[in-house]
Peer 1: 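The following block contains the structure, expressed as structure tokens.
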Amino acid sequence: MTKFYLVDVKDITSDIPRSNFAETDLENLADIILESGGIIRPLVLKATDTETYMVVDGHLEYYAAVRAREKNPRQGEMVNAFVISPKNEEKILKQIAIFRGLNSDDIPEVQTSIKTNHSELISKNNDFNLLEKQINDLRSELAQERQERENLYETFKLIESQIPKQMTPLDAFNSLSLLELTFRLRTAGFTDKKAVQVTESVEKERKKKKFESLKDVLARVKIANGKKQIKGISGEKMVDIVDSWARILFI
């Protein structure tokens with residue numbers, strides 16, 4: 001039985017070297033594949049393992065799809081293909097030889113002569129025409145699916161960019177604006193006056209040098225108490241800051 005799939009290009013190999021094809025041809029065909037949203041004629045593959053495949057027919061298209069993936073990994077990620085079962089491989093190879101006007105000697109493990117009558121050829125041509133129609137329909141669906149996938153990807157990126165990020169207390173002391181830092185200190189239980197004093201001291205110190213740790217913050221942040229300079233944040237108060245800020249997402 002032959003089944004139609006979307007297969008990841010990186011899971012496919014070919015036993016024909018890429019050097020057999022001109023790079024200019026591969027480059028041009030790769031651009032066309034990306035512009036049109038996929039290859040018109042699917043590859044014919046056989047499974048070599050659970051999720052790996054070997055090209056049976058369509059080696060040029062395969063290497064063009066590889067080049068398309070190199071140029072645009074997201075858009076060129078998948079390729080449409082027919083995957084044939086082992087028991088049907090010989091019949092499929094014969095059919096390929098007939099369609100392409102090849103001698104059977106060009107197809108491995110196929111007998112040297114292919115005998116067919118006129119009615120069989122007509123039947124195969126009818127099947128081929130039906131297959132071409134199905135391929136065209138699938139191509140349209142594939143192009144639409146790729147566009148929907150790109151739209152969904154862009155939506156995810158937009159949503160992700162709007163999600164508030166968690167910030168460590170050390171990053172907050174080093175990067176928040178004066179207004180934001182004052183507000184955050186108030187949420188940790190500082191009075192308005194002390195929050196302003198601590199924020200001003202933090203700003204003064206981080207202009208000299210970024211804080212390297214919360215211990216560094218405790219040591220360097222000082223506020224006036226009469227004529228003396230005392231610690232602006234005690235060890236116990238730093239615990240409150242860490243605890244309360246852990247529940248806040250910084251935008």
Side-chain angles (χ1 to χ4, degrees), residues 6-11 27 30-31 33-35 37-38 51 65-79 142-251:
L6 281 177
V7 181
D8 196 319
V9 174
K10 68 180 177 61
D11 294 335
E27 190 76 20
D31 290 337
I33 288 172
L34 292 173
E35 291 170 4
E51 294 183 3
V66 170
R67 180 59 186 138
R69 187 175 186 273
E70 291 170 351
K71 301 180 77 169
N72 190 326
R74 182 156 57 87
Q75 190 175 347
E77 178 184 9
M78 310 294 287
V79 65
L142 179 61
Q144 183 178 356
E145 181 182 333
R146 286 182 183 276
Q147 185 61 50
E148 291 174 353
R149 186 190 304 170
E150 290 183 5
N151 293 341
L152 186 59
Y153 178 77
E154 294 300 326
T155 301
F156 284 155
K157 284 175 55 180
L158 178 61
I159 293 174
E160 184 180 18
S161 67
Q162 295 175 347
I163 297 176
K165 301 295 189 298
Q166 184 62 272
M167 181 184 291
T168 67
L170 181 60
D171 288 336
F173 280 116
N174 277 322
S175 61
L176 287 182
S177 67
L178 297 181
L179 183 62
E180 290 173 322
L181 186 56
T182 301
F183 174 76
R184 301 303 176 189
L185 289 172
R186 289 170 61 193
T187 65
F190 283 75
T191 63
D192 291 347
K193 179 180 179 181
K194 189 170 183 180
V196 171
Q197 288 178 309
V198 170
T199 298
E200 290 175 347
S201 179
V202 167
E203 175 70 4
K204 178 182 176 181
E205 291 297 321
R206 71 186 182 186
K207 282 183 177 179
K208 298 176 184 176
K209 180 184 176 183
K210 293 288 185 181
F211 296 108
E212 297 179 353
S213 65
L214 294 181
K215 184 177 180 180
D216 190 25
V217 175
L218 291 175
R220 290 166 53 192
V221 175
K222 308 287 186 181
I223 61 173
N225 184 16
K227 295 182 179 181
K228 296 181 180 181
Q229 290 288 316
I230 63 172
K231 283 188 174 184
I233 305 173
S234 66
E236 181 179 351
K237 204 62 180 175
M238 183 62 79
V239 173
D240 292 340
I241 290 173
V242 172
D243 182 58
S244 64
W245 289 5
R247 299 188 294 270
I248 298 174
L249 288 175
F250 293 87
I251 300 177

Peer 1: Can you see which heavy atom on Lys222 is nearest to which on Ser201, and at what distance?
Peer 2: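 Here Lys222 and Ser201 meet closest at O-OG, 2.9 Å.
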
Peer 1: Hey, does Thr187 have a side-chain heavy atom less than 4.5 Å from the side chain of Trp245?
Peer 2: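 With C-beta onward as the side chain, the pair touches.
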
Peer 1: Is the count of non-hydrogen atoms from other residues, nucleotides or ligands lying under 6.0 Å from Lys204 atom NZ greater than 12?
Peer 2: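 No, the 6.0 Å shell around NZ holds no more than 12 heavy atoms from other groups.
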
Peer 1: Please answer whether the main-chain N or O of Gly37 pairs with a side-chain N or O of Arg146 as donor and acceptor at a distance below 3.5 Å.
Peer 2: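 Yes; judged by distance alone, with no hydrogens or angles, the pair exists.
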
Peer 1: Whether Lys71 and Glu27 form a salt bridge (side-chain N of Lys/Arg under 4.0 Å from carboxylate O of Asp/Glu) is what I want to check.
Peer 2: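 So Glu27 pairs with Lys71 through a salt bridge.
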
Peer 1: If you take all heavy atoms of Gly76 and Arg69, which pair is closest and at what distance?
Peer 2: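 Distance-wise, the nearest heavy atoms are O-CB, 3.3 Å.
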
Peer 1: So does Glu154 have more than 12 non-hydrogen atoms from other groups sitting under 6.0 Å from CD?
Peer 2: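 Buried by this count: over 12 neighbours within 6.0 Å.
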
Peer 1: To the nearest 0.5 Å, what is the distance between CD on Glu35 and CD on Gln75?
Peer 2: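 Taking CD in Glu35 and CD in Gln75, the distance rounds to 9.5 Å.
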
Peer 1: Should the pair Glu203-Lys207 be classified as a salt bridge under the 4.0 Å nitrogen-to-oxygen rule?
Peer 2: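 Salt bridge present between Glu203 and Lys207.
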
Peer 1: Charged N to carboxylate O under 4.0 angstrom, Lys208 versus Glu205?
Peer 2: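 Yes, Lys208 and Glu205 are salt-bridged.
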
Peer 1: Fit a plane to each ring of Phe211 and Phe173, take the angle between them on a 0 to 90° scale, and name the class: parallel (under 30°), tilted (30 to 60°) or perpendicular (over 60°).
Peer 2: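 Ring orientation, 0 to 90° scale: perpendicular.
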
Peer 1: Could you walk me through whether Lys209 and Asp216 satisfy the side-chain contact (heavy atoms from CB on, under 4.5 Å) test, starting with their C-alpha distance in whole Å, then the side-chain angles of each, then the deciding distance to 0.1 Å, before giving a yes or no?
Peer 2: CA-CA 11 Å; Lys209 180 184 176 183; Asp216 190 25; 5.8 Å; no

Peer 1: Less than 4.5 Å apart, any side-chain heavy atom of Gln197 and any of Asn225?
Peer 2: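 Side-chain contact under 4.5 Å: no.
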
Peer 1: What pair of heavy atoms forms the shortest contact from Val9 to Met78, and how long is it?
Peer 2: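 Scanning both residues completely, I find the closest heavy atoms to be CG2-C, 4.2 Å.
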
Peer 1: Any salt bridge linking Glu145 with Arg149? Criterion: basic side-chain nitrogen under 4.0 Å from a carboxylate oxygen.
Peer 2: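 Salt bridge: yes.
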
Peer 1: Evaluate Ile241 against Phe190 for side-chain contact (heavy atoms from CB on, under 4.5 Å), listing each step before the verdict.
Peer 2: CA-CA 10 Å; Ile241 290 173; Phe190 283 75; 3.8 Å; yes

Peer 1: Ignoring hydrogens, what is the shortest heavy-atom contact between Asn174 and Arg206? Give both atom names and the distance.
Peer 2: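 Here Asn174 and Arg206 meet closest at C-NH1, 3.6 Å.
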
